[in-house]
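What follows is a single structure, written as structure tokens, with notes after it.
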Amino acid sequence: MLGIIASGFILNGCVIRPESAANSATIKAVPSVCQQGVPMVQTTLYFGMNRPQGPVIAPAEWQSFVDSEVTPKFKDGLTVFEAKGQWLGHDGIVAKENSKALMLIHAESKDSDLAVNLLRDKYKAQFSQESVMRIDAPVCVDF
């Protein structure tokens, strides 16, 4: 139990929170000192596959988005996972849907941050989505 509490204190210092949520929706990850590999950022984005109106987003539509929008911005590589998401909607009802989790490993930079947010904006506009969840975490990467 003490280990869980101690790790909570350690992990608490891993991110810098923006002074005001109105100033930035992105939490900057601060890479730790790596014993092996180099410090980078792991960004995971969660894309819902249901449209508010109409059919679900087809596999071919998703792959076209990855090929035309994600790959050109993150040529070094990416990973996609199948996921099942749920959240409490504005109407008080729990919504559930199939999702795609997109994991990107990249250097901490304004260009990467901008590219990630452009992906989120493009997906929301193209597929009528309310949001695309973003999670950033410091990681040590070695090949």
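A quick note: this is a predicted structure, and the numbers were derived from the prediction, not measured. Quick note: numbers below take in every heavy atom, side chains included, and nothing from hydrogens, waters or symmetry partners.
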For [X] and [Y], which heavy atoms make the closest approach, and how far apart are they?
X: G77; Y: L104; answer: O-CD2, 4.4 Å
X: G48; Y: Q129; answer: O-OE1, 3.6 Å
X: K124; Y: E130; answer: CD-O, 3.7 Å
X: V56; Y: E61; answer: O-OE1, 4.0 Å
X: E69; Y: L119; answer: O-CD2, 3.4 Å
X: S68; Y: P72; answer: O-CG, 3.4 Å

Pairwise side-chain contact, W87 with M133, heavy-atom cut-off 4.5 Å (strictly under) | no

Worksheet item: Would you call the rings of F47 and Y123 parallel, tilted or perpendicular, where under 30° means parallel and over 60° means perpendicular?
Response: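 Taking Y123 first and then F47, their aromatic rings stand perpendicular (interplane angle over 60°).
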
Please round to the nearest 0.5 Å and tell me the distance separating atom [atom1] of [X] and atom [atom2] of [Y].
X: M49; Y: E82; atom1: CE; atom2: CD; answer: 7.5 Å
X: K96; Y: K84; atom1: NZ; atom2: NZ; answer: 10.5 Å
X: I135; Y: M103; atom1: CD1; atom2: CE; answer: 11.0 Å
X: I57; Y: S99; atom1: CD1; atom2: OG; answer: 9.5 Å
X: R134; Y: L102; atom1: CZ; atom2: CG; answer: 11.5 Å

How does the hydrophobic cluster around L118 look, that is, which other residues are in it when side-chain heavy atoms under 4.5 Å mark a link?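 L114, all in the cluster of L118.
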
